[in-house]
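Beneath this line is the structure, given in structure tokens, with notes to follow.
Ligands are counted one by one from 1 in listed order, and the atoms in each one are counted from 1 as well.
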Amino acid sequence: MSSASFPALRLRRSRRTAWSRAMVRENHVTPANLIWPLFVCDGQQQQEAISSLPGVSRWSVDLIVERAREAVAEGIPCLALFPYTQSERRSMMAEEALNADNLMCRATMAIKDALGDDIGLLTDVALDPYTSHGQDGIIDDSGYVLNDETVEQLVGQALNQARAGADIIAPSDMMDGRIGAIRDVLEDEGFSHVQIMSYAVKYASAFYGPFRDAVGSRGLLKGDKKSYQMDPANAEEALREVEQDLLEGADSVMVKPGLPYLDMVRAVKDAFAVPTYAYQVSGEYAMIEAAVAAGAGDRDALVLETLLAFRRAGASGVLTYHALHAARLLNQ
Ligand code: PBG
């Protein structure tokens with residue numbers, strides 16, 4: 001790179017005014033870059049607060065439809081759904097994940113009935129909302145999560161969601177071989193149009209705590225998820241995960257958590273040039289809210305700055321609990 005040197009070169013010249021800053025701005029955030037995760041609960045007219053996620057609630061199916069309408073009004077293109085499953089419906093084999101009348105399917109059908117293709121629905125594939133032990137898969141006597149047995153259940157879960165009307169199947173379980181197995185069943189069963197967004201680069205992170213409260217698995221979970229989610233120390237291994245999932249038919253990939261892993265967003269985008277999403281997870285949301293509550297920062301500015309950082313790192317979009325708030329700010 002060649003350029004003049006000081007004083008001919010004064011980089012501050014282009015920063016002096018708002019119009020000039022706008023002209024040289026390299027990255028932008030729009031509502032189209034946002035995916036809004038929502039938690040669904042049973043009942044009618046139910047809104048349940050989640051104490052570790054201030055400002056985020058679980059909503060019954062009728063109210064989820066209202067949230068979906070708000071998202072459409074603000075130009076958010078996609079929602080991500082997660083269910084809170086009653087403990088009596090949880091089991092060792094997570095059979096509830098295959099129930100065509102489960103909460104996820106009912107929410108999916110209700111939103112699709114009301115809004116059709118006005119909004120996309122991304123549904124999470126993993127067994128943790130349905131297991132009695134809170135792991136994402138089927139466990140053996142020692143508590144180890146079994147890969148191939150779990151993939152079989154995940155395939156059934158994905159098909160169940162596709163039949164209900166899911167647009168994007170998003171496996172977050174980190175089993176080996178699940179993308180190919182799910183792609184095969186979708187092709188065979190007439191769902192060739194249904195996309196797969198793989199949580200390809202998902203780390204065993206301490207930032208997921210509030211989410212586990214939201215889906216009701218925190219109290220059930222013994223131990224950790226380190227035998228399937230990635231070691232936060234590893235970067236090269238992440239590229240192998242992405243390569244594998246793309247070869248098996250993933251349409252897009254995700255890096256998770258978000259801000260502490262922006263290096264991986266950039267690495268994946270540079271290596272594969274595919275749609276790459278980042279999940280600003282529950283613990284990250286809670287950190288921002290805690291900072292705001294402590295008077296350490298301004299919510300609007302913090303939220304928009306973090307979203308821009310994801311875009312600068314190469315993210316096509318961001319899953320964030322601040323999505324509706326951010327979209328409203330961006331539309332002002
Ligand atoms: C589980 C799943 C998790 C999240 C999304 N899907 C938690 C986990 O792996 O324990 C975390 C999302 C968040 O923290 O916001 N399949």
Ligand-residue contact atoms, ligand 1 with [X], heavy atoms, under 4.0 Å:
X	result
Arg212	8 (C), 10 (O)
Tyr279	12 (C), 15 (O)
Ala126	16 (N)

**Message:** Just to check, does Gln229 reach to within less than 4.0 Å of ligand 1 when the distance is taken from its heavy atoms?
**Reply:**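 Per 4.0 Å heavy-atom rule, Gln229 contacts ligand 1.
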**Prompt:** Should Glu284 be listed as contacting ligand 1, given a heavy-atom distance under 4.0 Å as the test?
**Reply:**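 No, that is not the case, since the closest heavy atom of the residue is not under 4.0 Å from the ligand.
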For [atom], what's the nearest protein heavy atom and its distance?
atom	result
atom 2 (C) of ligand 1	Lys202 NZ, 3.2 Å
atom 15 (O) of ligand 1	Tyr321 OH, 2.6 Å
atom 1 (C) of ligand 1	Asp128 OD2, 3.0 Å
atom 11 (C) of ligand 1	Lys256 NZ, 3.0 Å
atom 8 (C) of ligand 1	Lys225 NZ, 3.3 Å
atom 14 (O) of ligand 1	Ser282 OG, 2.7 Å
atom 16 (N) of ligand 1	Ser172 OG, 2.8 Å

**Request:** Output, in order, the C-alpha distance, side-chain angles, deciding distance and verdict of ring pair (Phe, Tyr, Trp, His ring centres under 6.0 Å) for Tyr277 and Phe310.
**Result:** CA-CA 9 Å; Tyr277 294 82; Phe310 283 106; over 10 Å; no
**Prompt:** Would the number of heavy atoms belonging to other residues, nucleotides or ligands and lying under 6.0 Å from CZ of Arg13 be above 12?
**Reply:**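 Enclosed.
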**Message:** Any donor-acceptor pair under 3.5 Å linking the side-chain atoms of Asn234 with those of Tyr203?
**Reply:**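 No, because no side-chain N or O of Tyr203 sits under 3.5 Å from a partner of the opposite role on Asn234.
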**Prompt:** Are side-chain N/O atoms of Thr306 and Gln280 paired as donor and acceptor at under 3.5 Å?
**Reply:**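 Per modelled atom types, Thr306 and Gln280 side chains form a pair under 3.5 Å.
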Give a yes/no verdict on a cation-pi contact between [X] and [Y], requiring under 6.0 Å between NZ or CZ and the six-membered ring centre and an angle within 45° of the axis.
X	Y	value
Arg67	Trp59	yes
Lys202	Tyr208	yes
Arg58	Tyr84	yes

**Message:** Restricting to side chain to side chain donor-acceptor pair (under 3.5 Å), what partner residues turn up for Glu289, sequence neighbours left out?
**Reply:**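 Testing Glu289 for side chain to side chain donor-acceptor pair (under 3.5 Å), a comparison that skips the adjacent residues, returns Arg299, His322.
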**Prompt:** If you look at every heavy atom in Leu53 and Phe39, which pair is closest and at what distance?
**Reply:**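 Shortest heavy-atom separation between Leu53 and Phe39 comes out as CD1-CE1, 4.0 Å.
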**Heavy-atom nearest option to atom 3 (C) of ligand 1, drawn from Phe211, Phe39, Tyr208** =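 Checking each option, the heavy atom nearest atom 3 (C) of ligand 1 is found in Phe211.
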